[in-house]
Amino acid sequence: MKLHWACWDSDYVVFEEASGQTHLLDAVRALMLDLLVEAPRTGSFLTDFLTQSLQVTSIDAAQAVTLALSDFERLGLVEEIIS
Amino acid sequence: MTLGELSADAVVRRLRTDGLGLQIGPFSFRLISPIDSVAEGLITLYSDYPLVSDDGFSDYTVRISRGRGWRRWGRRQAIFEFDGRAVFTPLPEQQAFTLLEWSMNWCVAMHAHQYLTLHAAVIERDGGAAIMPAPPGSGKSTLCAGLVNRGWRLLSDELALISPVDASVSPFGRPISLKNQSIDLIRAFAPDAVFSRVVEDTAKGRVALLKIAQRHLNLISQRAQPRWIIFPKYVAGAEPRLRRRSKADSMLELGRNSFNYMVLGRLGFEVLGRVVDACECFDFEYSRLDDAVEVFGKLAGRAAK
């Protein structure tokens, strides 16, 4: 997947080349998407990453990750890998 | 040579035969129509535009034909044909000139992919362009008509043509389409302004077109750099309110207002990003044109300092 980014303040706009779709993301979701483009990640990896980077509780981080992954999947930005 | 230098008979004759060639900003049009109101509208509103030679190349050939069969005599219709194909639903013949205007917009919006094209008015002052995207009913055209009669230069009332090379906006200045109460409002605001005949009962209500003053056309080849993106909204009785809007959200909204953002793909994203980067972005609510003139004047004055 090829993504192109624009950023102002803490807002990110991402353009996905294959679909031609453009999305507005906050900084946390932009970070998550960037990690997912780099390599497949588990939900618990993302949760741990956010917990450590943002110094939030693991419950809040897990909730943010679940919502973001669900939205990313709906927008066609990620897909679940069943191992 | 301009259209105004032709006699009315010559305009009618050209429209009925090989077509009338007009240069409008970066585009040339060949206009063909047997309908008298098309000739009348062109003579009233396009007299200062240059003609293109009869045998020269035209970017777009626009034909406004009469309906066929009994439609030639009863409940007459006007039909827009592009490359021999009817594009829109036919309209009553008294709407032929407004159909021509909408058809010219359609030609550019659907085909001019050398630009990133936005559905927006664009006006300029001191080299800086204000891009005003807005849905129908937001008061965009009224605001645009008011401001170009108070020191701002018109680049376009309908289409922002943005260069992918340097993100500048090319003028495509044509008559401003005003609807319903806006017609009388602008007549009172700019008493010297020239209007087309008012057409009743169109899909948009009463419509009249405002002629663009010669001083705007003299600069029609002069591009401008985007400096502001302003989303206007007419709210009855509202005090003027200019509020900063997030650049990221403005970019998404501009993308939605574009005719060819998806066609241009990554290039469209990059150009739009450059435009937003260079601009201050605002939402603007207003109810009185004088207030809008003052707010926009302050904005331009601040940028000039």
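Every chain is numbered from 1 and lettered A, B, ... according to where its sequence line falls, protein lines coming before strand lines. It should be emphasised that the depicted structure is a prediction, and the values quoted were computed from it without experimental measurement.
For CZ of B:Phe82, the number of neighbouring non-hydrogen atoms (other residues, nucleotides, ligands) closer than 6.0 Å is greater than 12. Other residues, nucleotides and ligands contribute more than 12 heavy atoms inside 6.0 Å of the CZ atom of B:Arg30. Heavy atoms of other residues, nucleotides or ligands lying less than 6.0 angstrom from CG of A:Asp9 number 12 at most. Residue B:Lys233 qualifies as open at atom NZ: its count of foreign heavy atoms under 6.0 Å is 12 or below. Residue A:Glu17 places its CD atom among more than 12 non-hydrogen atoms of other residues, nucleotides or ligands, all under 6.0 Å distant.
Residue pairs that meet the salt bridge (Lys or Arg N to Asp or Glu O under 4.0 Å) test with at least one member in residues 99-117 of chain B, sequence neighbours left out, are B:Glu101-B:Arg174. Within the structure, every pair that satisfies the salt bridge (Lys or Arg N to Asp or Glu O under 4.0 Å) test and touches residues 115-126 of chain B, not counting sequence neighbours, is listed here: B:Glu124-B:Arg153.
Between atom CG of residue A:Asp11 and atom NZ of residue B:Lys247 there is a gap of 12.0 Å, rounded to the nearest 0.5 Å.
Contact annotation for residues 256-287 of chain B against chain A (heavy-atom separation below 4.5 Å, listed by residue number): B:Tyr261, B:Met262, B:Gly265, B:Arg266, B:Phe269, B:Gly273, B:Val276, B:Asp277. Contacts of residues 21-44 of chain A with chain B at a heavy-atom distance below 4.5 Å involve A:Gln21, A:Thr22, A:His23, A:Leu24, listed in sequence order.
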